[in-house]
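These numbers come from a predicted model, not from an experiment. Each chain gets a letter, A, B and so on, in the order the sequences are listed, and its residues count up from 1.
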Amino acid sequence: MDDQTLTAQYAQTGNLMDLCHNEVWLRESAQIEDEVGGQVEAGLGLKDYHQEMNALTLEQSRYIRRQMKVQSILFNGLRQWMNSWDLGAGFEDTYAIARRLIRQRLSQPTFNQQSLAALLERVEIDSPDPLTQQQVVALLSQLFTPEDWQTMAQAASQSISSRVLNASLAQANSSAA
Amino acid sequence: MQRPIQLLSGTGEVVTGLLCDMNDRHLEDYQTIWKGILTATDQPDRYWMWSYKLHQTNREARYEAYAIEVDELTQGLMFLETQWHRSQLPQRDPLVYLEALAAAPWNRRLLEDPPYLTGVGRSLLLFARQRSLELGYGGRVGLHALPGSEGFYHRNQMTSYGDDPDKEGLVYFEYGFLRR
């Protein structure tokens, strides 16, 4: 991260972050992080976390990576699916709840283990043939219980109603001022 | 704040991500998946650290918290203090102090070869410098590197000021004024 490059970028666009769209910069970043084993942590508050990460076994590390891939596939599919629900301003709150529910269900043995096993198998072998959106939606449909659907509907409803009430409150405060 | 950025996958493809304000969803990722295995094995839970910092960010303007998201998951986290810290140089100029910076476990080559993504740490560090410019601190940034991470900050051309006894001997690094 030499000052000359940063100065030139700042002069050109006024924002250093535009370097993140420069492939030379990206390859240099990869090289630097490779050289240091990806160890980038800073801050005393992260000392324990840093030590714990460095002490992970290969098996633990693989478990985390597998979980990450499974959740990434499901969350990407969830977002796409939810885009068709037309939730407007209630989207993000509902999405956050839905993610939480997915994590809960994945950790429970009641979930259709055959479907999960099929998903894990694809993740495990880094299949070049990704699941289709239709397949992910089918998995999510199996995952969510009737109670989960109620919870999500409630979250969407609360998100919208709180916005209406906040608008009303803001108007009342501005009239009083 | 939301800003699209680019990173590289472990196999070298360009990947688009999002640099944004940290929120509860990022903390949940940290707790449930970054540290999932450690929680499962009853390791001490440090979730409070980010949770407390996010709370501080919501209450005090001098704190800022950011996350990088790719593929719907948190890939990196950073927490900044922007008003109270000063340079180690005699002029004692104000700077942005990087209170905490971390990349997700799957982005560390020590654990994953190849890592899922590269560039997360450097993008966050670059953003700290950008914030310093925006705040009128001339690009000055200070931080304490954790043991084993010093090489990253050396490679990014930060100046090392040696072990800091006030921070359990962690090495203090600083970026100076960015000449324009």
Side-chain angles (χ1 to χ4, degrees), chain A residues 1-3 6-7 10-11 14-17 19-23 25-54 56 58 60-61 63-65 67-69 71-76 78-79 92 95-96 99-100 103, chain B residues 3 5-8 14 19 24-25 28 32-33 35-38 43-44 46 49 71-73 79 98-103 105-112 115-116 118-119 121-123 125-127 129-130 133 139 143-146 148-149 151-153 155-157 167-168 170 178-180:
Chain A
M1 204 180 281
D2 64 287
D3 277 12
L6 300 191
T7 303
Y10 198 69
N15 197 323
L16 302 181
M17 297 310 289
L19 281 167
C20 294
H21 298 276
N22 173 336
E23 200 162 331
W25 172 269
L26 296 180
R27 307 243 166 249
E28 190 182 86
S29 299
Q31 190 189 335
I32 289 173
E33 291 189 10
D34 279 356
E35 285 172 18
V36 299
Q39 293 200 85
V40 301
E41 280 74 24
L44 187 57
L46 282 176
K47 195 174 177 183
D48 292 338
Y49 169 79
H50 185 70
Q51 283 172 347
E52 288 161 6
M53 285 300 124
N54 288 345
L56 282 181
L58 187 61
Q60 288 173 321
S61 166
Y63 172 84
I64 292 177
R65 175 104 172 199
Q67 286 294 313
M68 179 273 288
K69 285 193 172 178
Q71 292 183 22
S72 176
I73 289 168
L74 292 177
F75 294 165
N76 267 306
L78 175 71
R79 184 176 282 280
E92 285 300 329
Y95 174 70
R99 276 170 48 115
R100 211 171 290 160
R103 283 188 168 136
Chain B
R3 184 187 169 86
I5 59 165
Q6 288 186 325
L7 302 158
L8 285 187
V14 175
L19 173 64
D24 288 335
R25 190 147 55 74
E28 280 181 22
T32 61
I33 184 161
K35 288 191 46 100
I37 191 76
L38 300 167
Q43 294 284 334
R46 308 294 171 187
M49 198 280 282
D71 286 339
E72 300 297 323
L73 287 172
F79 187 72
L98 202 154
E99 293 252 1
L101 183 151
W106 49 83
N107 296 327
R108 304 171 99 236
R109 187 175 286 276
L110 281 184
L111 299 175
E112 289 293 336
Y116 187 61
T118 58
R122 199 168 186 233
S123 299
L125 185 60
L126 182 66
F127 187 62
R129 206 136 196 228
Q130 172 63 24
L133 289 168
L143 60 87
H144 287 87
L146 284 162
S149 296
F152 174 70
Y153 297 101
R155 281 292 278 113
N156 277 297
Q157 303 187 11
K167 295 280 185 181
E168 297 184 16
L170 297 185
L178 182 61
R179 305 203 181 280
R180 281 176 266 163

(message) Need one label for A:Arg99: side chain, backbone, both or neither, based on atoms under 4.5 Å from any heavy atom in chain B.
(response) side chain
(message) Would you say that B:Phe152 contacts A:Glu41 through its side chain, given a criterion of any heavy-atom pair below 4.5 Å between the two side chains?
(response) no
(request) Sort B:Gln130 into side chain, backbone, both or neither according to what part of it lies under 4.5 angstrom from a heavy atom of chain A. (result) both
(request) Name the region of A:Glu23, side chain, backbone, both or neither, that has any atom closer than 4.5 Å to a heavy atom of chain B. (result) side chain
(message) Can you tell me which portion of A:Ala30 sits under 4.5 Å from chain B's heavy atoms? Options are side chain, backbone, both or neither.
(response) both
(message) Only pairs of heavy atoms separated by less than 4.5 Å count here; which of B:Leu143, B:Leu126, B:Ile5 has the most with chain A?
(response) B:Leu126
(request) Side chain from CB out, backbone as N, CA, C, O: work out which of these in B:Tyr116 comes under 4.5 Å of a heavy atom of chain A, or both, or neither. (result) both
(message) Among A:Gln71, A:Arg79, A:Gln51, which residue has the highest count of heavy-atom pairs closer than 4.5 Å to chain B?
(response) A:Arg79
(request) Can you see which heavy atom on B:Gly119 is nearest to which on A:Glu33, and at what distance? (result) N-OE1, 3.0 Å
(message) I'd like to check A:Ile32 versus B:Thr118 (side-chain heavy atoms, cut-off strictly below 4.5 Å). Are they in contact?
(response) no
(message) Any non-hydrogen side-chain atom of A:Trp25 less than 4.5 Å from a side-chain atom of B:Arg122?
(response) yes
(request) Could I get the full list of side-chain contact (heavy atoms from CB on, under 4.5 Å) partners for A:Asn76, not counting sequence neighbours? (result) A:Ser72, B:Asp71, B:Glu72
(message) Testing the basics here: between B:Ala102 and A:Leu46, what is the closest heavy-atom pair and its distance to 0.1 Å?
(response) CB-CD1, 3.7 Å
(request) Mind checking side-chain contact (heavy atoms from CB on, under 4.5 Å) for B:Gln157 and listing every partner two or more places apart, or none if nothing turns up? (result) A:Asp2
(message) When you compare the side chain of A:Lys47 with that of B:Lys167, does any pair of heavy atoms fall below 4.5 Å?
(response) no
(message) I want to check something: taking the side chain as every heavy atom from C-beta on, are A:Arg103 and B:Ile33 in contact at a cut-off of under 4.5 Å?
(response) yes
